[in-house]
Chemist: 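What follows is a structure written as structure tokens; I'll ask about it next.
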Amino acid sequence: MTANKEKRRAISREAARRRRRVESEVFEDLSRLLPLQPSVRAHLDKPSVIRLTLSYIRMHTLLKAVSGEPGTKAKASHILTCGQVMERHGCDGGREEKESETEEVEASEETNLYLRILEGFLIVLSAEGDMIYLSDNVSKYMGLTQNELMGHNIFEFTHPCDHEEIRNNLRLTAEEVWCGAKRDFVMRIKSALTHRGRSANLKSATWKVLHCQGRAKVCVAPSSVSCLLLTCQPLPLSHTLLSTHTFTSQHSMDMRFTYCDQRMTLLLGYSTDELLGRSVYDLCHTLDIKFLTKNHLNLCLKSQSVSGQYRMLVRGGGYVWVETHSAVIPSVRPSKFRPGAHQPLCILCVTYILSGVEEPSLQLSVDQIVQI
């Protein structure tokens with residue numbers, strides 16, 4: 001009886017070893033099919049192989065749906081090249097393969113140029129919030145690699161207070177299905193980068209504020225697939241482009257001017273003294289109040305924001321198109337002489353003038369009237 005029991009155990013152990021061996025071979029074959037470098041594939045565990053495989057299948061399905069639309073075949077091919085999700089179909093061998101490799105290199109260089117100019121990264125989200133694709137420069141901004149993030153859900157990495165806003169942007173109305181809705185919002189996401197630019201453990205990650213812009217895309221044929229294609233720029237943006245067409249200002253938390261530099265007078269005609277205590281809402285076009293209010297709310301909740309383009313009134317008449325980058329900062333630094341000093345918050349703004357004066361004969365506010 002004991003001999004039979006030992007024999008059954010030996011058979012069971014051998015069967016278990018055989019199953020594990022077959023399972024490992026299946027995962028090795030699956031990982032070899034992923035468009036990754038051998039050095040990266042060697043460090044993938046089984047859950048990562050499954051996660052990346054599902055992500056690439058969904059990306060491939062999405063790109064097939066896009067390439068099925070008229071006029072988008074070349075665009076889809078370019079995205080396939082950039083996303084490293086490619087199927088090779090060799091016909092003539094050498095020559096065509098060489099031409100294909102040349103096209104891939106050119107497309108890759110073009111994409112890298114776009115990403116450098118963008119000062120951010122690309123992300124494709126499914127309707128459920130899964131990160132189907134991220135550009136490989138995401139590690140520069142988040143300290144996490146493309147392979148570590150792809151296939152995970154965006155809600156695992158974003159601030160809980162931003163989840164409802166993200167869900168609203170992922171959701172499509174009946175009208176948006178056909179026209180392709182624009183998206184423009186700010187969210188906070190985990191970043192494993194330290195202040196010195198080194199990667200840290202995700203458990204000690206800090207929140208990085210991202211300005212996200214893009215479109216919701218729905219492909220009906222051959223299968224219904226929807227996604228959100230976004231460009232994500234970390235805030236605050238680098239202000240190395242400060243010029244004579246830019247001015248800085250400081251505001252209280254209700255957006256009243258507490259400081260403004262002299263370039264405001266040259267660009268818009270208002271003196272710095274008359275602006276102190278006035279609200280920035282007094283100087284903007286009435287039709288743009290809604291956008292500024294949304295930007296102000298983002299600023300108060302997330303500490304950083306980008307306004308998007310809006311119109312600011314010019315002294316004497318007309319308006320100019322501007323964009324403002326804002327951040328909330330303490331207005332008083334603690335010191336050893338005043339350790340218990342109150343530190344009120346203030347808003348620091350950098351405003352870019354994007355156009356010349358439009359409709360100079362139009363006066364929409366008494367503030368535009370020049371006193372004689």
Chemist: Taking all non-hydrogen atoms of both residues, which atom of Val209 and which atom of Arg188 are closest, and how far apart?
Modeler: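 Looking at all heavy atoms of both residues, the shortest contact is CG2-CG, 4.0 Å.
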Chemist: Parallel, tilted or perpendicular: which describes the rings of Tyr352 and His325, with under 30° parallel and over 60° perpendicular?
Modeler: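 Rings of Tyr352 and His325: tilted, 30 to 60°.
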Chemist: Check whether any side-chain heavy atom of Phe121 lies under 4.5 Å from a side-chain heavy atom of Leu210, and answer yes or no.
Modeler: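 With C-beta onward as the side chain, the pair touches.
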Chemist: Just verifying a value: how many Å separate Phe185 CZ and Asn168 CG, rounded to the nearest 0.5 Å?
Modeler: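 The CG atom of Asn168 is 10.0 Å from CZ of Phe185, to the nearest 0.5 Å.
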Chemist: In Å, rounded to the nearest 0.5 Å, how long is the span from CD1 of Ile132 to OG of Ser126?
Modeler: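 Rounded to the nearest 0.5 Å, the CD1-OG separation comes to 5.0 Å.
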Chemist: Is there a donor-acceptor contact under 3.5 Å from the side chain of Ser48 to the main chain of Leu44?
Modeler: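 No, Ser48 side chain to Leu44 backbone: no donor-acceptor pair under 3.5 Å.
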Chemist: Is there a donor-acceptor contact under 3.5 Å from the side chain of Thr265 to the main chain of Tyr270?
Modeler: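 Checked: pair present.
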Chemist: Are Arg20 and Glu14 close enough for a salt bridge, meaning some N to O gap below 4.0 Å?
Modeler: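 Not counted as a salt bridge, because no side-chain N and carboxylate O are separated by less than 4.0 Å.
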Chemist: Between Tyr319 and Glu358 (side chain of the first, backbone of the second, donor and acceptor by atom type, cut-off under 3.5 Å), is there such a pair?
Modeler: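 No; judged by distance alone, with no hydrogens or angles, the pair does not exist.
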Chemist: Quick check for you: to the nearest 0.5 Å, what is the distance between Cys232 atom SG and Ile189 atom CD1?
Modeler: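 Rounded to the nearest 0.5 Å, the SG-CD1 separation comes out at 7.0 Å.
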Chemist: Got Phe247 and Leu268 here, is their nearest side-chain heavy-atom distance under 4.5 Å?
Modeler: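 Phe247 vs Leu268: side chains touch.
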Chemist: Between Asp162 (side chain only) and Thr158 (backbone N and O only), is there a donor and an acceptor less than 3.5 Å apart?
Modeler: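 No, Asp162 side chain to Thr158 backbone: no donor-acceptor pair under 3.5 Å.
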Chemist: Quick one: are Leu230 and Leu122 in side-chain contact, heavy atoms under 4.5 Å?
Modeler: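 With C-beta onward as the side chain, the pair stays apart.
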Chemist: With heavy-atom distances below 4.5 Å as the criterion, would you say the side chains of Leu144 and Val138 are in contact?
Modeler: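 No, too far: nothing below the 4.5 Å cut-off.
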Chemist: With the side chain counted from C-beta on, respond yes when Gln304 and Val186 share a heavy-atom pair under 4.5 Å apart, and no when they do not.
Modeler: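 No, side chains not in contact.
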Chemist: Could you check whether Glu148 pairs with Arg51 (Lys NZ or Arg NE/NH1/NH2 to Asp/Glu carboxylate O, under 4.0 Å)?
Modeler: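 No, Glu148 and Arg51 are not salt-bridged.
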Chemist: If hydrophobic clusters are built by linking Ile, Leu, Val, Met, Phe, Trp and Tyr wherever their side-chain heavy atoms come under 4.5 Å apart, do Tyr133 and Ile57 end up in the same one?
Modeler: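 No; tracing contacts between hydrophobic side chains, which count when under 4.5 Å, never links both residues.
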Chemist: Please check if any side-chain donor atom of His251 sits under 3.5 Å from a side-chain acceptor atom of Tyr259, or the reverse.
Modeler: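 Checked: His251/Tyr259 side chains show no N/O donor-acceptor pair below 3.5 Å.
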Chemist: Check for a donor-acceptor pair, side chain of Ser355 on one end and backbone N or O of Trp321 on the other, with a separation under 3.5 Å.
Modeler: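 Indeed, once roles are kept as given, a pair shorter than 3.5 Å links the two residues.
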Chemist: Are the side chains of Met255 and Ile347 in touch, meaning some heavy atoms are under 4.5 Å apart?
Modeler: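 The answer is yes, as the side chains (C-beta and beyond) meet within the 4.5 Å cut-off.
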Chemist: With no hydrogens and no angle check, is any side-chain donor or acceptor of Gln146 less than 3.5 Å from a backbone partner on Leu134?
Modeler: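 Present.
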Chemist: Quick check: closest heavy atoms across Ser135 and Asn137, and the distance to 0.1 Å?
Modeler: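 Nearest heavy atoms, Ser135 then Asn137: OG-OD1, 2.6 Å.
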Chemist: May I ask you to test the Met131-Asn153 pair for a side-chain heavy-atom distance under 4.5 Å?
Modeler: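 Met131 vs Asn153: side chains apart.
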Chemist: Show, in sequence, the C-alpha distance, side-chain angles and deciding distance for Lys46 and Glu23, and conclude whether the side-chain contact (heavy atoms from CB on, under 4.5 Å) test is met.
Modeler: CA-CA 10 Å; Lys46 291 177 182 178; Glu23 182 184 274; 2.7 Å; yes
Chemist: Does any donor atom in the side chain of His211 or Asp184 lie under 3.5 Å from an acceptor atom in the other side chain?
Modeler: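 The answer is yes; a qualifying pair exists.
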Chemist: Donor-acceptor pair, distance only, cut-off 3.5 Å: does the side chain of Arg183 make one with the backbone of Asn169?
Modeler: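 Answer holds: yes.
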Chemist: What is the distance from atom OG1 of Thr351 to atom CZ of Arg263, rounded to the nearest 0.5 Å?
Modeler: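 Reported value, rounded in 0.5 Å steps: 11.0 Å.
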Chemist: State, to 0.1 Å, how close Leu267 and Thr246 come at their nearest heavy-atom pair, and which atoms those are.
Modeler: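 So the minimum-distance heavy-atom pair works out to CD1-N, 4.0 Å.
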Chemist: Side chains of Thr324 and Tyr310: any donor to acceptor distance under 3.5 Å?
Modeler: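 Yes.
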Chemist: Kindly work out whether a path of hydrophobic side-chain contacts (I/L/V/M/F/W/Y, heavy atoms less than 4.5 Å apart) joins Val26 to Ile50.
Modeler: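 Hydrophobic grouping puts Val26 apart from Ile50.
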Chemist: Look up atom CD in Gln262 and atom OG in Ser271, then write down how far apart they are to the nearest 0.5 Å.
Modeler: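 Those atoms lie 9.0 Å apart.
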Chemist: Checking the side chain of Ser279 only, and the main-chain atoms of Arg256 only, is there a donor and an acceptor separated by less than 3.5 Å?
Modeler: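 Such a contact is absent between Ser279 side chain and Arg256 backbone.
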Chemist: Please determine whether residues Ile166 and Leu301 belong to a single hydrophobic cluster, defined as Ile, Leu, Val, Met, Phe, Trp and Tyr linked transitively by side-chain heavy-atom distances below 4.5 Å.
Modeler: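 No, because Ile166 and Leu301 fall into different hydrophobic clusters, even though each may have its own neighbours under 4.5 Å.
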Chemist: Evaluate the criterion side-chain contact (heavy atoms from CB on, under 4.5 Å) for residue pair Leu228 and Val124; output intermediate values, then yes/no.
Modeler: CA-CA 6 Å; Leu228 198 60; Val124 180; over 6 Å; no
Chemist: With side-chain contact (heavy atoms from CB on, under 4.5 Å) as the test, would you mind laying out the steps for Cys212 and Met187 before giving the verdict?
Modeler: CA-CA 8 Å; Cys212 304; Met187 68 178 180; 3.7 Å; yes
Chemist: Are Leu292 and Leu297 linked, directly or through intermediate hydrophobic residues, by side-chain heavy-atom contacts shorter than 4.5 Å (ILVMFWY only)?
Modeler: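 Different clusters.
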Chemist: Please determine whether residues Val320 and Leu362 belong to a single hydrophobic cluster, defined as Ile, Leu, Val, Met, Phe, Trp and Tyr linked transitively by side-chain heavy-atom distances below 4.5 Å.
Modeler: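 Yes, one cluster joins them.
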Chemist: Do you know which two heavy atoms are closest between Ile329 and Leu348, and how far apart they sit?
Modeler: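 Taking Ile329 first and Leu348 second, the nearest heavy atoms are CD1-CB, 4.1 Å.
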Chemist: Looking at every non-hydrogen atom in both residues, tell me the closest pair between Gln363 and Gly316 and how far apart they are.
Modeler: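 Shortest heavy-atom separation between Gln363 and Gly316 comes out as NE2-O, 3.2 Å.
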Chemist: Check step by step if side-chain contact (heavy atoms from CB on, under 4.5 Å) holds for Glu274 and Arg315.
Modeler: CA-CA 12 Å; Glu274 69 177 302; Arg315 168 60 63 85; 2.6 Å; yes
Chemist: Just checking, Arg278 and Phe257: is the charged tip under 6.0 Å from the six-membered ring centre and within 45° of the axis?
Modeler: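 No, Arg278 does not sit over the ring of Phe257.
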Chemist: Give the minimum heavy-atom separation between Val357 and Gly317, together with the two atoms involved.
Modeler: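 That closest heavy-atom pairing would be CG1-O, 3.9 Å.
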Chemist: Got a second to check how far Ile123's CD1 is from Leu149's CG, nearest 0.5 Å?
Modeler: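 Atom-to-atom, Ile123:CD1 and Leu149:CG are 8.0 Å apart.
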Chemist: Taking the side chain as every heavy atom from C-beta outward, state whether Cys346 and Met253 have any pair of such atoms under 4.5 Å apart.
Modeler: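 Not touching, per the 4.5 Å side-chain cut-off.
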Chemist: Classify the ring geometry between His163 and Phe155 as parallel (under 30°), tilted (30 to 60°) or perpendicular (over 60°).
Modeler: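 Rings of His163 and Phe155: perpendicular, as their planes differ by over 60°.
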